[in-house]
Amino acid sequence: MAAPQYKPLLYTTTMRNPGRLKQILFVLNKFEGQTLTDDLATAIVAECIRYGLYRPTKKTPQIKEKWKTTPKGNFSRVLLSRDEVEYLMRNNPQNHKEAGFEHGYPSRFATIFDLCKELGLAYYTVGDPIEISELGHRLIDVLRVTEDGDALFVEEVHPEYESEVFIQAFAKSQRKNPFVRVLNDNVPLILLLETIRLLDDDPTLNGAGISRRELPLLIFWKDNDAEALYFRIKRLREEYGYNPSDEVILDICINEIMGGDYKQFDPKSIMVDYPDEFIRKMRMTGLISLRGAGRFIDINHNEDDKVNYVLEHYSTYPTFTDERAYFDYMAQIDRNLLGIKAIEVQPSQTEQLLDNWVALYNWDTIKKELMILSRRRTSEDDVLRILAAPIRLEFLTALAIKSRLPQVRVIPNYSADDTGLPTSTAGGGAGDIECFDDPKGILVEVTMAEGRMQTMMEIWPIERHLTDFKEKYTEDSESIFVAPSIFSDSLRQIKFVASESEGRNIIRPYCIEDFIAFLETTEHLYA
């Protein structure tokens, strides 16, 4: 076995988007308590394939059709049959080996679930029962998953649990832990927060945190000395300003921090891929904001109380050589941290922050990004690309309305950082975006769901939310429903709602493209 080395921080190559952890944990939960064997590991991977969470490349046209409407790594809307799963596993042998597991699909299991183990969410070893921690179960509880024949319906019923889990995990997650053979000795979230605090407290700097181009220094940093990292970043700014070249950053990381004893990496990995992965994961805690159109990473000051608590209680930490002991440490829930609440943002503040984003993104950009969502493609914008599609749709819809109809009061119900950038979708108990276009109220509901899932999961909650909205604000209200496409059964259900309420509960459905066209031709949000 190779000796441990200093390495840049990369949590995993298979789970770049931490939002997917709750989905694979849902599958693993079906096997909790069963003794792990290589055969069971293979069966669990087969179940991941059935749900579309792991997608081998050689597939039939029918399988491709089932998987085409959701991004790779997410739940499919249509479950595969057992025969289709067997076909995929037979025609996609895995040339893969992980320690402790047989070559092939058992090792693929270890690769898929390794981050769950490292973050204290699930523990497994061959020959012992699979365990999911209380922290892991809390992450699973974000979702409600319903199967109806081969149809799969997924909704986030407790989106707030996700940031709670990731704060707990990343406040303790150590580089030098028994699961990862590296010599770097720090807790990346703590190092990030302490370094940002020092940068922000320096009156000679811009007070916007650490820049995206400076993040590689933190990602390569060998220890937990935030003060030394702060001084190195300050010297970098004095010499090269806020936009040093790739070559300057690479030289510092490889030759200075690593002392030249480090293999060459693709510069894009160091300058783009590693920072993007790091930002995605740190932002899942809710403690981090993006500033300057995504150029800077700063503390979310709505969560200053949590930041203070985390720095007070986790800046020093025990170290471990035993995997089980480290897992048990990671799996503990700090209930005091759970009890700390964010600063409550008032509707007037939400509106002002939305105006700031409208000033940043013009209508053409908003329209282009909405069409990217409509076609289920990937955004290249530094800010928007880190938002999961459902969150991004809520955000862009709010921006679109405000951009085209500035007289409309637009109050989104998603959770957001101190810049107004959403951190999670609106909770299940309220509508997505509350709008007021004198004299009417308009409740705007959005979803990325299509097909049967859209009909089953969206229309009745919209009717309930509209009823509550009318009681809270004004009877003279209606709802707008926006999705990439509107399923025929959804249209029939919407007509039924209107007829049953004798025309009082009006839901106006738009596919994203039609909603854009509506906004470009109307003077009011109401019909």
Side-chain angles (χ1 to χ4, degrees), residues 18-19 138 142 156 158-171 189-190 192-201 206-210 279-294 296-315 333-360 383 386-388 391-392 394-395 398-399 402 409-436 472:
R138 193 168 185 84
V142 170
E156 293 195 2
H158 290 293
E160 70 279 7
Y161 288 177
E162 195 156 26
S163 63
E164 293 176 357
V165 168
F166 282 110
I167 290 174
Q168 301 273 337
F170 286 121
L189 176 62
I190 301 300
L192 176 67
L193 294 174
E194 289 181 336
T195 303
I196 289 174
R197 278 273 177 93
L198 290 167
L199 291 168
D200 284 351
D201 288 345
N206 69 356
I210 186 171
I279 292 169
R280 284 176 186 270
K281 289 180 171 60
M282 294 301 100
R283 201 168 180 277
M284 294 297 289
T285 66
L287 304 184
I288 301 301
S289 290
L290 298 183
R291 308 200 193 282
F296 290 89
I297 296 86
D298 200 3
I299 289 170
N300 172 14
H301 294 299
N302 290 344
E303 300 283 11
D304 275 342
D305 288 344
K306 288 179 188 173
V307 172
N308 291 337
Y309 181 91
V310 165
L311 290 179
E312 181 180 349
H313 290 83
Y314 295 104
S315 290
I333 291 183
D334 185 336
R335 302 200 181 279
N336 292 326
L337 181 54
L338 279 181
I340 301 173
K341 303 302 179 185
I343 294 173
E344 186 173 345
V345 179
Q346 299 302 312
S348 59
Q349 295 172 285
T350 301
E351 291 179 83
Q352 179 58 57
L353 293 171
L354 199 64
D355 286 338
N356 295 343
W357 285 105
V358 170
L360 181 63
V383 173
I386 70 167
L387 302 181
I391 302 174
R392 201 182 334 150
E394 288 189 25
F395 182 53
L399 292 184
K402 197 64 182 176
R409 291 194 63 198
V410 181
I411 305 172
N413 283 321
Y414 49 66
S415 298
D417 62 24
D418 61 357
T419 72
L421 191 68
T423 55
S424 71
T425 56
D432 293 335
I433 306 167
E434 298 176 350
C435 298
F436 302 92
K472 184 177 180 180

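Only this structure's heavy atoms are used, side chains among them; waters, hydrogens and symmetry mates stay out.
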Here the pair of heavy atoms bringing I190 nearest to A171 is CG1-O, 3.9 Å
When rounded to the nearest 0.5 angstrom, what is the spacing between CD in E303 and NE2 in H301? 12.0 Å
How far apart are the C-alpha atoms of I279 and L290, what are their side-chain angles, what is the distance that settles it, and do they pass the side chain to side chain contact (heavy atoms under 4.5 Å, CB included) test? CA-CA 9 Å; I279 292 169; L290 298 183; 4.1 Å; yes
Derivation and outcome, side chain to side chain contact (heavy atoms under 4.5 Å, CB included), residues I167 and K306: CA-CA 9 Å; I167 290 174; K306 288 179 188 173; 3.9 Å; yes
Give me the atom names and distance for the closest heavy-atom approach of D418 to I299. OD2-O, 3.6 Å
Minimum heavy-atom distance between P18 and F166, given as atom pair plus value: O-CZ, 3.6 Å
Trace of the side-chain hydrogen bond (donor to acceptor under 3.5 Å, both in side chains) decision for S315 with E194: CA-CA 9 Å; S315 290; E194 289 181 336; 2.9 Å; yes
Looking at every non-hydrogen atom in both residues, tell me the closest pair between A398 and P412 and how far apart they are. CB-CG, 4.2 Å
Evaluation steps, side chain to side chain contact (heavy atoms under 4.5 Å, CB included), between N300 and R283: CA-CA 10 Å; N300 172 14; R283 201 168 180 277; over 6 Å; no
Within the distance-only criterion (no hydrogens, no angle test), does the side chain of N302 pair as donor or acceptor with the backbone N or O of A342 below 3.5 angstrom? no
Checking R392 side chain against I386 main chain: does a donor-acceptor pair fall under 3.5 Å? no
For Y414 against P422, the heavy-atom pair lying closest together: CD1-CB, 3.5 Å
Which distance, rounded to the nearest 0.5 Å, do you find between the CG of L421 and the OG of S415? 12.0 Å
Which of these, N206, T419, D417, D298, sits in a side-chain hydrogen bond (donor to acceptor under 3.5 Å, both in side chains) with R291? D298
Return the OG1 to CD1 distance between T423 and I288, rounded to the nearest 0.5 Å. 12.0 Å
Approximate separation, where rounding is to 0.5 Å, of E164 CD and M284 CE: 12.0 Å
Heavy atoms, side chains only, cut-off 4.5 Å: are Y309 and D334 in contact? yes
The reported gap from CD in E351 to CD in Q346 (rounded to nearest 0.5 angstrom) is 11.5 Å
Judged by atom type as modelled, is there a donor-acceptor pair below 3.5 Å linking the side chain of D200 to the main-chain atoms of G209? yes
Say whether, by atom type as modelled, one donor and one acceptor occur between the side chain of E156 and the main chain of T425 under 3.5 angstrom. no
Distance check, rounded to the nearest 0.5 Å: I433 atom CD1 versus L354 atom CG? 8.5 Å
Begin from the C-alpha positions of L189 and L287 and carry the test side chain to side chain contact (heavy atoms under 4.5 Å, CB included) through to its verdict. CA-CA 9 Å; L189 176 62; L287 304 184; 4.3 Å; yes
Are any non-hydrogen side-chain atoms of L199 and F296 less than 4.5 angstrom apart? no
Residues passing the side-chain hydrogen bond (donor to acceptor under 3.5 Å, both in side chains) test with Q352, sequence neighbours excluded, are N356
Would you say D355 and K402 make side-chain contact, with heavy atoms under 4.5 Å? yes
